[in-house]
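Report on the structure given below.
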There are 2 protein chains.
Amino acid sequence: MTKYAKMILEIVETSRSHITAEQIFDQLRRTCPGVVLATVYNNLNRLWQDGLIRKISVEGIPDRYDRIARHDHLVCKGCGRLVDVDLNDMTEQLQRQVGVPILSYDLKLVYWCEDCLAERNTENDSAGAP
Amino acid sequence: MTKYAKMILEIVETSRSHITAEQIFDQLRRTCPGVVLATVYNNLNRLWQDGLIRKISVEGIPDRYDRIARHDHLVCKGCGRLVDVDLNDMTEQLQRQVGVPILSYDLKLVYWCEDCLAERNTENDSAGAP
DNA sequence: TAATGTAATTAGAATGATTCTAAAACGGCG
DNA sequence: CGCCGTTTTAGAATCATTCTAATTACATTA
């Protein structure tokens, strides 16, 4: 594991999760001013392929990187923001159901966060009022 | 619902799932030669926001669109290909666990498809042989 | 230590999916 | 018919990510 790989892994694991490549780049640059965005992507991809970090794709926003430790996510349908949530590990039961070996699973629960819910309500109020 | 929205919804629902915007565009163009890719995206986004279709983001490949009817997906870690899988509906138990209203959930099981597994094996064989 | 090969990094261009903008066309309604 | 909001068009623009080629660092062997 190279110097940058180590540092990037460290950043992903200690961040409050759901960090973008750009944010990682900014953080890394504080201690390594010469580093380049491509290096960040290279290492993120390597770490991801080696199963050391998670990559989370959400529609319409840049990919997020996350610690590997088991946990799931709430995704707001309005703003796309992610929130951690700890649910029971379902790997075994899922594997039993599908009948092929499962490396991992990615579970996103779609909901409306408070902010977006409030926003929708005010919109509807003003629109609905005659 | 406009003409194009209807047609695009029809295409998404009758396709064998996991279709890209580009593929929808190609298919739509057969009957509507004048149509433009932006129109496809406009309508897909509207349909998605209205909850009439699903949008599936997988790392590194263009977004896929899918019928809304409940089902889950296997995603190959190697090639990213999606396969439908029917698992029990877990909406209720998930909602009970998280304690907030869940609109829907998106479950992807990560595995190695047969092709990628075979490819990895041959690679490892040749690499491992002295 | 020098030489060598392999992998990592850099710089910057290129790609490609998606969105945006402004203008034109459409459709319903008074 | 003429007006207004919505939809579509055309094409430029954006922006995350990848690619290419050149350079550098590292590890190993001679």
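Proteins get letters first, then strands, A, B, ... in listed order; numbering begins at 1 in each. Note that the structure is a prediction, hence the values are computed from the model and not measured.
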How many Å lie between CD on B/Gln49 and P on C/dT19, as a whole number? 10 Å
Distance in angstrom units between A/Ile61 CD1 and C/dT18 C1', rounded: 15 Å
What is the distance from CE of A/Met1 to P of D/dC26, rounded to the nearest Å? 16 Å
Would you say A/Tyr4 places a side-chain N or O within less than 4.0 Å of OP1 or OP2 belonging to C/dT10? yes
Atom pair distance, as rounded to whole Å: CD in A/Glu59 and C1' in C/dT19: 16 Å
Nearest whole angstrom, please: distance from the P of C/dT19 to the CG of B/Asn43. 13 Å
Which part of the nucleic acid, if any, lies within reach of A/Asn45 when heavy atoms closer than 4.0 Å are counted: base, sugar-phosphate only, or nothing? sugar-phosphate
Just how far, in rounded Å, is C1' of D/dT18 from CG of A/Leu37? 11 Å
Is the shortest distance from a Lys or Arg side-chain nitrogen in B/Asp115 or B/Arg81 to a carboxylate oxygen in the other one below 4.0 Å? yes
Which whole-number value in Å describes the distance from B/Tyr41 OH to C/dT21 C1'? 18 Å
Pair B/Arg70 + B/Asp86: basic N to acidic O under 4.0 Å: no
Can you tell whether the side chains of B/Asp84 and B/Arg67 come within less than 4.0 Å, N to carboxylate O? yes
With nearest nucleotide decided by heavy atoms, which residue, A/Ala5 or B/Glu22, maps closer to the 5′ end of DNA chain C? A/Ala5
Any side-chain N or O of A/Arg46 under 4.0 Å from OP1/OP2 of C/dA8? yes
Please state how far atom CD1 in A/Ile56 lies from atom P in D/dT17, giving the value in whole angstrom units. 13 Å
Using the ring of B/Trp48 (Phe, Tyr or Trp, six-membered ring only), decide whether B/Lys55 places NZ or CZ under 6.0 Å from its centre and within 45 degrees of its axis. yes
Strictly distance-based, threshold 3.5 Å: is any side-chain N or O of A/Gln23 a donor or acceptor partner for the main-chain N or O of A/Thr20? yes
Is there a side-chain polar atom (N or O) of A/Thr2 under 4.0 Å from OP1 or OP2 of C/dA8? no
Proximity to the side chain of A/Ala38 - top-ranked nucleotide from D/dC19, C/dT9, D/dA10: D/dC19
Checking contacts here: which listed nucleotide (C/dA11, D/dA16, C/dT18) is nearest the side-chain heavy atoms of A/Pro62? D/dA16
